Q: 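Pasting a structure below so you can have a look.
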Amino acid sequence: MSTQLLVPFTEGDRSMSALLGGKGANLAEMTRLGLPVPPGFTITTEACREFMAHGSPPPELTAMVTDALRDLEWRSGQMFGSASDPLLVSVRSGARFSMPGMMETVLNVGLTDVTLPGLVARGGARFAWDCYRRLVQMFGHTVLGIDASRFEDLLSKARAATGASDDAGLDAATLADLVGEFRSVLVSHTGQDLPQDPREQLDRAVTAVFASWDSPRARVYRAHERIPDDLGTAVNVVAMVYGNTGPRSGSGVCFTRNPATGKAEAYGDYLANAQGEDVVNGSRTTLPLSALAGLEPAAHAELLDHLRTLERHYRDLCDVEFTIEDSRLWVLQTRVGKRSPAAAFRIAADLSEEGLISLDEALGRVDGHQLESLLHPRFDAAAGHEPLASGLPASPGASVGEAVFDPATAVVRAAEGRPCVLVRTETSPDDVDGIIAAVAVVTARGGLTSHAAVVARGLGRTCVTSVSGLDVDESQRLAVLADGHRIEEGDLLSVDGTSGHVYAGRLRVTPSPVYAAMAGREPTSPAADDESTARAVRLLLAHADRVRHLRVRANAETPAEAREARALGAEGIGLCRTEHMLLGARRELVERVVVDDRRTEALAEIERLAMEDFTELLTAMDGLPVVVRLLDPPLHEFLPDLVELSVRVAAEGARGLVEPALAARLAAVRRWHEQNPMLGLRGVRLLTVIPELVDAHVRALVSAAAVLRQQGLDPRPEIMVPLVADVAELALARRRVEVTLEQVATTRHTVDCPVGVMIELPRAALTAGALAGEAEFFSFGTNDLTQTTWGISRDDAEAGFLTSYREAGLLADDPFTRLDETGVGELILIAVDRGRVARPDLGLGACGEHAGDPESIAFLAGAGLDYVSCSPPRVPVARLEAGRAAVRPSEAGDTR
Ligand code: PEP
Ligand code: MG
């Protein structure tokens, strides 16, 4: 049992990530693979959980660490605390799920006034003092909680005083002075100097890493990424290797493939004469990995070899941290790397074509959210705007927002619904809540593997790093560019994370090239990377289409929408909202039907127009089902506003003449006015008030289909009745439809037109067995079903209390966006069961917003539905998710 508290690298493997954390498990795995990993051991997440429970590490850990250190000494040939050849260690956090930069690391632990001369002997005075100042700095910040800027300020003063352009330019004497100054900071802030007992340094560093699991920024990140709070982090204690001994040494971060585009070539950043943190914190400008080939050809070749080994072994994109000490390569970390949505598709498709993974697996490696972001529009490149500034394209996307210069303001702006762009010199883990809140991040420093780049990519935020000439003054809420242009808080910026350009103002956007490729249109800018992404998307969508059981239809009313949906792969229309065909000038016709005596004329005109519309719609979807829903919205939406009309009548009354027609209108509006229209006269209930209008639509639809059939086409109309609560309502609607069908059939061709019902009230779900007797199909209207199950108005939800509910932790997700599986989902499952028992061949679909939401689709597929129907742009997303659901059945399907 107690062995679970500490595991040497030689005894673990990658399957143990729950216990060893991702970093520890992978270090052990690389050790097993024979990669050059420095010796080390992992203090487990179990020890961290004990720390969280009791406020101190488990007592047995002390002796275990002593033994493990002895083993490390034996393997490295160095002694912890030795004055002549000291073993130093790094203390690195590593949770089960990657939390980039969220928690702490302390390097060079074991360095004291006594052991310093041994380090001087190893790599010279400059190197030794550089290690010492890093230790004091990290210990001061991480263990003693001193603000990092205290040390940064002293460092930049030292750079200014010596004319050094970066920290690597500081000489031994300056670094020795800095160590003295840093130690004074420790004493003045905490009353304590750096402990001179190496073991005390180590124990306190381990405890600090445990404690960092609970830091506010780690909590924010976990909440966003849905990582449970009780997992705890592991701590890796690793023999130090040094990238800062001189020009033949250095540190780097690299990926087995390009994490932004997915291109199959090793990719990364390298810094000579540096320790690892320098690469990621963006404090110095890095070299591309390819430059290492010239500097250290043997180490470079060896590294590429290891990258190939790792990618074949993990069968995925890996990222790697490495150090070169006096030309000798060490691998310090690997994990399956984060990637942009475009890279996710390309890598999954390429790996399957390379035979490393199956197509089913490839499908599991991408998701609908990623596809959705690829389908988003881009800035209009053809518009010829001059960028304000340019940097590295760190995370793709096209986002517009107000400039803000600190994370707190980003959070406030986002809460106000104002998109913002976080502009920073560089980001640190303290900025994470700001990055989550912002639509884009722009930094002056940092490469493609910098903190900002990694976090933004993981979160799907647009990001441009290393913007040359950008000088950010956070305290003044201002950034100045090389040409003197000032960016002030609130200025609009358009950030293009695909090209790396930042523009002033709001740029026009054009459809994404991937979207254009999906829809069969010519892309506006067929760049090679875009073509590769589109190809990968097509490959994986084709596989999704092969394996999925769930059909995908679109919600569409206009022929243009229908054609677009079909081009994007829709297999019919699952919801045509007839009321959307009565907007604009046509609204007045409905008003005349409700209010006027001359309703016959208005009805005839509505029928004529509807027949035109349906003809086009059925033609666009020839051979595929088109589900037309009978009129649904509250009647008042077609009538003038009660207050406005009352004011007009009162004004005319004051002048002594109220036109009788106006008075009649007011009377009608008053009559139909409701306090709660969403729970009032709408849906099937309208049949009792304006049945002729419903008849007109049915006649128009069936007539249009009959004409098209005569012309040799294959129209497939279906009719759907909304907001039914009771089977009697459905039976009434059905009879009415059948009478009209018979009338049309006597005058034209017979048209088969199945009648279905929307399940969008809890009562409908519960009485599904009875409803199935009167309906050939069900379509779940999950928007209204959510509204009526929760008793929350769908129109006010976001602006109202749902946001505060989420903030208070009462609700993880907006139930109008992500299907509430527990409540609404249960009603769906009940209705499916009862409906299918009553009518085994019952058709089943869903057409609320959830039908296009990636997570909800998985549930709906598992519930046994035949199709989902979503807005046309989301059709590819739904196809992909339906495919994913088929290769990884959802829980709803599994548990039933
Ligand atoms: C629904 O309620 O889910 C639905 C599709 O209908 P509407 O959004 O038009 O009310
Ligand atoms: Mg509805």
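Each ligand, and each atom within it, is numbered from 1 in the order the structure gives. Position 1 is the first residue of the sequence, and the numbers go up from there. Please read these numbers as outputs of a predicted model, since none were measured by experiment.
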Q: Do Arg587's NZ or CZ and the ring of Phe638 fall within the cation-pi criteria of under 6.0 Å and 45°?
A: no

Q: Which protein residues have a heavy atom under 4.0 Å from ligand 1?
A: Leu575, Arg577, Arg629, Asp632, Arg682, Met758, Glu760, Gly781, Thr782, Asn783, Asp784, Arg794, Cys847, Gly848

Q: Check the surroundings of atom CZ in Arg418: do more than 12 heavy atoms from other residues, nucleotides or ligands lie under 6.0 Å from it?
A: yes

Q: Between Asn555 and Ser871, do the side chains contain an N or O donor and an N or O acceptor separated by less than 3.5 Å?
A: no

Q: Between Trp790 and Pro815, what is the shortest heavy-atom contact and its length?
A: NE1-CB, 3.8 Å

Q: Regarding Arg546 and His543, is there a side-chain donor-to-acceptor distance under 3.5 Å anywhere?
A: yes

Q: Report the C-alpha separation of Arg736 and Asp695 in whole Å, then their side-chain angles, then the decisive distance to 0.1 Å, and conclude whether the salt bridge (charged side-chain N to carboxylate O under 4.0 Å, His left out) test is met.
A: CA-CA 7 Å; Arg736 196 109 203 161; Asp695 297 344; 2.6 Å; yes

Q: At a cut-off of 2.8 Å, list the protein N/O/S atoms near the Mg ion (ligand 2), residue plus atom name.
A: Glu760 OE1, Asp784 OD2

Q: When you look at Ser856 and His850, which way does the side-chain hydrogen bond (donor to acceptor under 3.5 Å, both in side chains) test go after all the steps?
A: CA-CA 6 Å; Ser856 311; His850 307 89; 5.4 Å; no

Q: Over all heavy atoms of both residues, which pair between Ala878 and Val868 is shortest? Give the atoms and the distance, please.
A: CB-CG2, 4.2 Å

Q: Can you tell me if Glu612 has over 12 outside heavy atoms packed within less than 6.0 Å of its CD?
A: yes

